[in-house]
Amino acid sequence: MMTGLKSIVATTGLLVLLLLIHVTPAFGQYYFGKNKVQYTDFDWQVMTTDHFRIYFYSEESDLAEIAARSAEDAYRILSAKFNHEIYAKIPLIIYSNPNHFVQTNVTWSMLPESVGGFTEFIKGRVVVPFGGSYYHFDRVIRHEMVHVFMIAKINRIGREYGRPSAVYPPLWFTEGLAEFWSREWDSEADLIVRDMVINGNLPSINQLWTVHGSYFMYKLGQSLCEFISDHYGENKLSRLFDNWYLGGKFERILYYTLGDDMETLSEKWSYFLKKKYFPEIADLDLPDKKATRLTKKQFAVRPVPVTIKDEEGNDQQWVIYKANKVGYSAIYMMPASGDSKKAVTLLKGDRSAKFESLHLLTSGVDQYDNRLLTFSSKSKEKDVLYLYDLVDKSIIRRYEFDQLVAIASPRFSPDGASVVFSGCRMSGYSDLYVLNLSDGGLTRLTDDIYQDVDPCFSHDGQSVIFVTDRAANGFDGYLSLYRLWLNDNSIKRLTFGPYHDRGPDESPDGSKIIFSSDRGGKTAFNIFALDSDGNLSQVTEYITGAFDPRFGDDPDHIYFTAWQQRGFHVFKSTLEETSPVAVEVPRINDGRWLPGRIGSKAKSTTMKYETDYSLDIAQSAVAYDEVYGTLGGVQVAMSDVLGDNTFIFLVSNTARDKSDFMTSFNLAVTYLRRTSRLNWAIGGFHLYDQYYNKIDGYYFERLVGGVVSASYPFSKFDRIETSVFARYSDKEVEFMNRSRKAIPVTHTLSFVTDNTLWEPTGPLEGRRLNLTVGYTYDFKSERNFNRLASADLRHYLRLGYLTSFASRFFAFTSAGNEPQRIYLGGSWSFRGFGRRHFYNRNILFNSEELRFPLIDDLLIAFPLGNFRLRGIRGALFHDLGTAWDDDWNRWQGSLGASVRIALGYLVVLRFDVSWRHDFQYVSKDHRTDFFFGWNF
Amino acid sequence: MKIRHILVTALIILGASGCGTSKHLDRDRVLFESANSPIKTGLRSFRTSSNTFNGSLNILYEKKIKGVADSPFLTFDGHLAFYTTRHRFLVYDQMSGDKVCRIKKRRGLVLNAVVQDSLLVLVKRSKYGHIQVINLFTGKVIGERTLIELRSGPIIVSDNLIYGTSKGLLALSLPDLQTVWRSDSQAMVDIEAVSDSDIIYFAANGTLMALQSTDGSKIWQTDCGSAVVSELSIGERIYLGVADGRMMAIDKEDGQVAWDQQLGIQAHGGAAESDGRIFFGGTDRNVYCLSSISGEEIWKYKTDGIVTASPLIYGRAVLVGSHDRHFYSIDKTDGKLIDRRRLEGPITLAAAIDNDRIFVTCRKKRLYCFEGN
């Protein structure tokens, strides 16, 4: 049994060993995990400007110059706001589209689709994808730069004043300020906050944890920062950072700067919003007061009406829509009557390589002849266009294009012979394309730098109506409707003014076009109708927002998405026109605009990227144990700017006295390379330490060797891994006073699949599988050292929003002269037994667990302060297992209950109470375990 | 022997050597010494220097100092005094650049310091604001008071100590720190007040007010239209910068707006006035020269970093530091660069002039002395 202190260093050594042996799991987040696949071979370049180093690939060189200009503009503005200059060049890495962005190695995390960019705190790298709109690109860059300046300023204050710089603002303020200082308050922000205020869901500042990390938090934070600026003074937000030297809690610094504490600020803000929004409800309505709400839970978007024959052959009106009900996206179909119990799942996303992402918020679906459905989905590297048979409920065709990375919002032509969609090339430019379904021929309709999205065919198929920012006010992000005639590619502008017009659909008779827009005067998005004479009228007058209108078979009915009670839902309504809306006078010279680019003077050099390493982390630990003496170690990790290449160094010493010192160094070096789809690693080590196991007792072992490993992901969910681990092993067993020298070479091969959906304490839905075989041959004795095989299957059946039934089946076997044995027992495996109760070479194990939410928010008031715990989960479990070496051992079981608490995203505390049983009696004695770790 | 005693002894010796037989700091001399640099003595004066300084920055010494200076220099009797970001109040010798003494922290971070006569007033921050009045020659703390709501200052006017609170101004008598009067402005006063004769001028968010220093009675108030973000500067008028990018000049007598220029930038430091012009730095990296009568731009000079330090007029030069780590000497007539020197770190505080020497510090714990004649 190792003492605590020694175990730190030994564990470190073991960690290195594990890292080397299982270094490929580092690619796949250790043993299981999804894969970040580098599908694309990027030809990276570097552009240096006054304050930035911009990393881009050669296909997006135009975009790089635009990004450089945005970055320098942002720098100029924010250095003034923060009263701070940054002298080191800031690394800015850009991707031309979100599908490339998710491949970035700057962060090890899997990036969800909703992430529009991020700032990595250790090296201050900013990573931003281009989404088609230059305006939003500029704003996202500025948003991330706020984070860069905030970190730099706080760190500088901390350095100069000797105050711990670890006191960072809460996330709502960090993101809220970034939003406030990067973009104006717009219709989308208004939609979020207005809905919360009207429906009585506005959280106080102390309750913002309930929306922590969500888009709501961003907008509420932005609203708060705007309120502080308007009511306390525009300079107060800057002054907050100047006062950071006061240290302590953020609340204290805020109070000192504003003169009001958090509670008072919250009350004033809430009151201000109520005064602002409550009067609006006199003139406007909530969507469900005027229209029929079809979906109830989570959020549902992009409805498309379809007529399906029922069992009697009668026509029934249904509606197809995209939704995320339980964490996965999917395409559903439900009766237009709103009977959600009859909803049918057509297609599930986020769980397989075919449908990695259904692009819920950025792409719609369409149907033709009540028989065919078309949609796009990310499938491995790119987006793919699918045709789906609504009768057979199966995919009938798949279209993938070499030149297109992303595809959005496909729409059928009236005759069903072609599909128009918005496509994005590797350069980042989005244009309109028409696909001929019969021969697969692709025709590009537009070819320019402007964002062209949301296309739809006209009723006669002669033209395409679409949304674009090509008008003069597109420079400020405004979107207008245009019509493109297919015979000559001529374009005519349909709507005017500084608004965001989106999601058009033309009526079957061609008499009107409906679309959503924020031109209604109250900044809410509503549905408008444009007739063939250019007259505009407002169809809906909702206080929140309505989007994506579609005509039903009956032209007097429309289906649309509306925002209500913190979610998108599908609605149905009749087409009631309200009073006409004034039409903006078309500008005579509605010229084009060009995005700003960095000037040649400001851009100093552009060159091919060469790997430049810098420190990621360096940490050391020194400990003293009266038995084992002084122990210490240093770990250093270095990687390049793009995160594609990583070095890990470990040095520690386990000497017990001076004579051992030189021979007791633990050294390990590992190099990981993730530039291409095949990720590989190579490492070398010298390890010497004392270990313990139940068979040998205490023993010393010296290991000198190396490891080569590789991981090849088939998709985001599946991969194959292999490693070769060769070492010289000199083992001295104390108790038996025997030694063993060997040169074992281990080869392992694993197949891993993981499509689980997680909540903070562990997986909630999906499945994970790890199959591993291994063989070790001893070159010294020239014999089989050991062989092993293991299978670990885990399945999670979703029963409710936070409730699931988890099952685990684990089998392990090893044989040979020195078979591998593993431990079983403890909170991470066989509960009811100690952490190392079983140590055998054959194991069969099963665990069944019912997981459920227990307490959402627990506040304990102590005399000197409060203590709060959130997101407490409970579980009931049953474990069943057996472990043996040569002779079969009987099955043993345990059952019990558990409480788990996630502390942030890093640690889960677990408390288990369990009772053993032998299938006849349950033991009266119970065992309690208090440990840490995610659920299996 | 305690540091206090050393300080007292040193100051006595230095005071004696500089001031003849007097053991106290000459009041007039203190004021005169401070007149050429914008230091916190309760009086800001922008008299044109008759010095024939030609603008060349010839460095006499560069010294490492014990901490990052967080206040403009106080100059007296051949010394430089300032407080740092690490709780220290330091006194340096002007000629050699060597540290003379250090006043130890008592409690908390030093937020501000004012010297007048023989009194050193330290504003500290522990949990709340805390003011100490220390006799520079005896080293004794002769007045002490805990203050809640302290936000800016203090300044000394008519033997009263006046500082900003979260609701207005508060005046305390010296040295016993008893409340003399309180003024309510309905908004936080987080920019240091300034005074001219017996009138105090201060900004509370977007309002500029003038009070009688004896009793705090209001003389006038003016709405600036936007939060005041710069230091207040007094010359022929009161000059200030506001958050929406304007620079304003307010008449001292009646609070009328003399002029109002939209520059599209913010000025965070103070302004210096000379020969009918005012000079200040902006967050757009420019040093500006405007007509003090009309506010029209005469020239601007572009640096490579934001300029938050107040400029100093000396001879024909405008002396100002920038966040680009350069100290500039700019011709005040035409805005042309005369000279500049690269320092170790960004310059955020105004320079000081004393004994024909120019003193500058930067955020990298350095003290620089340039020849001033």
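Residue numbers start from 1 in every chain, and the chains themselves are labelled A, B, ... in the order their sequence lines are given, proteins ahead of strands. Just so it is clear, the structure is predicted and the values come from calculations on it, not from any experiment.
Contact annotation: the side chain of B:Arg363 never approaches that of A:Arg159 to less than 4.5 Å [non-hydrogen atoms, C-beta and beyond]. Residues A:Glu234 and B:Ser226 have side chains in contact (heavy-atom distance under 4.5 Å, counting atoms from C-beta outward). By the 4.5 Å heavy-atom criterion applied to side chains, A:Asp260 and B:Met188 are not counted as neighbours.
For B:Lys66, the NZ atom sits in a loose shell: 12 or fewer heavy atoms of surrounding residues, nucleotides or ligands are nearer than 6.0 Å. Heavy atoms of other residues, nucleotides or ligands lying less than 6.0 angstrom from NZ of A:Lys249 number 12 at most. Atom CZ of A:Phe475 has 12 or fewer heavy atoms from other residues, nucleotides or ligands within 6.0 Å. No more than 12 heavy atoms of other residues, nucleotides or ligands sit less than 6.0 Å from atom CD of A:Glu263. Taking a 6.0 Å sphere around NZ of B:Lys365, one finds it holds 12 or fewer heavy atoms contributed by other residues, nucleotides or ligands.
Within the 4.5 angstrom heavy-atom criterion, only backbone atoms of A:Thr257 (N, CA, C, O) approach chain B. Only the side chain of B:His268 comes within less than 4.5 Å of a heavy atom of chain A; its backbone N, CA, C and O stay farther away. For B:Val228, the part lying under 4.5 angstrom from a heavy atom of chain A is the backbone only. In this structure, the portion of B:Val68 lying under 4.5 Å from any heavy atom of chain A is its side chain and not its backbone. Looking at A:Ile157, neither its backbone nor its side chain comes within 4.5 Å of chain B, counting heavy atoms on both sides. The part of B:Asp304 that comes within reach of chain A is its backbone (N, CA, C, O), which places non-hydrogen atoms under 4.5 angstrom from that chain.
Of the charged side-chain nitrogens involved, at least one lies within less than 4.0 Å of a carboxylate oxygen, so that B:Asp190 and A:Lys236 count as a salt-bridged pair. No salt bridge links B:Lys364 with A:Glu160; every basic N to acidic carboxylate O contact stays at or beyond 4.0 Å.
Across every non-hydrogen atom of B:Asn205 and A:Gly233, the tightest pair is OD1-CA, 3.6 Å. Shortest non-hydrogen contact noted between A:His84 and B:Ile306 is N-CD1, 3.4 Å. Counting all heavy atoms, side chain and backbone alike, A:Arg239 lies closest to B:Ile191 at NH2-CG1, 3.7 Å. Heavy-atom minimum distance, A:Gly259 versus B:Ser166: CA-CB, 4.4 Å.
The distance from atom OG1 of B:Thr348 to atom CG of A:Asp242, rounded to the nearest 0.5 Å, is 10.0 Å.
For the residue pair B:Arg285/A:Ser79, the side-chain donor-acceptor check at 3.5 Å is satisfied. Side chain to side chain, B:Asp70 and A:Tyr245 fail the donor-acceptor criterion of an N or O pair below 3.5 Å.
The closest donor-acceptor contact from the side chain of B:Arg151 to the backbone of A:Tyr256 lies under 3.5 Å.
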Residues A:Asn83, B:Gln266; criterion side-chain contact (heavy atoms from CB on, under 4.5 Å); working and verdict: CA-CA 11 Å; A:Asn83 271 341; B:Gln266 288 187 3; over 6 Å; no
